**Q** 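Below is one structure. I have some questions about it.
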Amino acid sequence: MRSSIACIAIAIGLFVLVSAGTTPAGKKFLDENAKKDGVIVLPSGLQYKVVKSGAADAPSPKVNTPCECHYKGTLIDGTEFDSSYRRGQPATFAPNQVIKELAYGDQQRGQHIKPGSVLIFELEILKVKGK
């Protein structure tokens, strides 16, 4: 199952990525999170919430437009597995380059991301670099 994350006129947003083999704890988290105010659930299962919108006249990136972003990735227990904030330097990527699929499925990724993990990303678009 493929999905691209389109960040249109979003300054800061939270994205929750889920895979088909989601753990029972992950499924419970997703069920509860989906009921929170402002959370939007896409047909793919991706959940997102706009925390803070950019200016109405701010440029909106297309799915393949490079953007300068800060981001933080955590697990549902709060374990942080990646953060440009912690490194003190934003990253540049297009929204469709974050994760090609919804989470990592049944694959282990590094020390913290176990098979079936639900991933939470905070994404802050600082600058849209392309048109």
Side-chain angles (χ1 to χ4, degrees):
M1 179 183 327
R2 295 218 171 235
S3 173
S4 12
I5 303 172
C7 308
I8 301 178
I10 297 173
I12 300 176
L14 296 175
F15 298 90
V16 179
L17 302 178
V18 57
S19 70
T22 303
T23 64
K27 288 179 182 178
K28 180 180 179 196
F29 172 86
L30 292 167
D31 289 344
E32 292 172 4
N33 193 63
K35 297 173 188 170
K36 293 181 179 177
D37 281 344
V39 173
I40 296 168
V41 181
L42 299 180
S44 66
L46 181 131
Q47 298 181 3
Y48 74 94
K49 178 178 181 176
V50 176
V51 178
K52 179 181 175 185
S53 293
D57 62 345
S60 294
K62 295 190 183 317
V63 72
N64 60 351
T65 304
C67 300
E68 184 175 300
C69 304
H70 263 308
Y71 68 92
K72 176 174 75 169
T74 61
L75 303 175
I76 60 174
D77 67 1
T79 301
E80 185 178 286
F81 57 83
D82 194 10
S83 174
S84 67
Y85 293 103
R86 189 173 354 122
R87 287 190 299 276
Q89 183 171 356
T92 298
F93 51 82
N96 68 350
Q97 293 176 314
V98 179
I99 292 182
K100 299 292 183 193
E101 298 184 23
L102 291 178
Y104 293 110
D106 293 332
Q107 299 175 15
Q108 175 85 25
R109 291 288 184 177
Q111 175 185 0
H112 300 293
I113 302 174
K114 307 286 188 230
S117 293
V118 171
L119 308 179
I120 303 167
F121 284 93
E122 178 179 325
L123 177 66
E124 178 182 5
I125 297 176
L126 304 171
K127 181 180 181 182
V128 176
K129 291 190 161 192
K131 297 284 178 187

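Atom set for the values below is all heavy atoms of this structure, side chains included, hydrogens, waters and symmetry mates excluded. Only a predicted model underlies this, so the values are computations on that prediction, with no experimental measurement involved.
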**Q** I'd like to check Ile125 versus Pro61 (side-chain heavy atoms, cut-off strictly below 4.5 Å). Are they in contact?
**A** yes
**Q** Lys28: what forms a side-chain contact (heavy atoms from CB on, under 4.5 Å) with it, not counting sequence neighbours?
**A** Glu32
**Q** Between Phe81 and Phe121, is the gap from one ring center to the other below 6.0 Å?
**A** yes
**Q** Verify, without hydrogens or angle tests, whether Ser83 (side chain) and Tyr85 (backbone) share a donor-acceptor contact under 3.5 angstrom.
**A** yes
**Q** Taking only residues two or more places apart in sequence or in another chain, which ones pass side-chain hydrogen bond (donor to acceptor under 3.5 Å, both in side chains) with Glu80?
**A** Arg86
**Q** Within a strict 4.5 Å, meaning less than it, do heavy atoms of the Ile76 and Ile120 side chains meet?
**A** yes
**Q** Could you work out, with side-chain hydrogen bond (donor to acceptor under 3.5 Å, both in side chains) as the rule, every residue matching Arg87, not counting sequence neighbours?
**A** Tyr71, Asp82
**Q** With sequence neighbours left out, what residues match Asp57 under side-chain contact (heavy atoms from CB on, under 4.5 Å)?
**A** Ala55
**Q** I'd like to check the side-chain hydrogen bond (donor to acceptor under 3.5 Å, both in side chains) partners of Glu68; sequence neighbours left out, ordered by chain and number.
**A** none
**Q** Side-chain contact test, heavy atoms from C-beta onward, threshold under 4.5 Å: evaluate it for Gln108 versus Pro115 and give yes or no.
**A** yes
**Q** Report all side-chain donor-acceptor pairs from residues 34-42 shorter than 3.5 Å, counting only partners two or more places apart or in another chain.
**A**
none

**Q** With the side chain counted from C-beta on, respond yes when Leu75 and Val118 share a heavy-atom pair under 4.5 Å apart, and no when they do not.
**A** no
**Q** Listed by chain and number, what are the side-chain hydrogen bond (donor to acceptor under 3.5 Å, both in side chains) partners of Thr74, not counting sequence neighbours?
**A** none
**Q** Taking NZ in Lys114 as the centre, count heavy atoms belonging to other residues, nucleotides or ligands within less than 6.0 Å. Is the count above 12?
**A** yes
**Q** Would you sort out whether Tyr48 and Val50 count as a side chain to side chain contact (heavy atoms under 4.5 Å, CB included), showing the intermediate values?
**A** CA-CA 7 Å; Tyr48 74 94; Val50 176; 4.3 Å; yes
**Q** Applying side chain to side chain contact (heavy atoms under 4.5 Å, CB included), run through Phe93 and Cys69 and close with a yes or a no.
**A** CA-CA 8 Å; Phe93 51 82; Cys69 304; 3.8 Å; yes
**Q** Nearest 0.5 Å please: distance from the CG atom of Leu119 over to the CD1 atom of Ile113.
**A** 5.0 Å
**Q** Please name the pair of heavy atoms, one in Pro66 and one in Thr92, separated by the smallest distance, quoted to 0.1 Å.
**A** CB-CG2, 4.2 Å
**Q** Could you check if a side-chain atom of His70 sits within less than 4.5 angstrom of a side-chain atom of Leu126, using non-hydrogen atoms only?
**A** yes
**Q** Looking at every non-hydrogen atom in both residues, tell me the closest pair between Ser84 and Ala91 and how far apart they are.
**A** CB-N, 4.5 Å
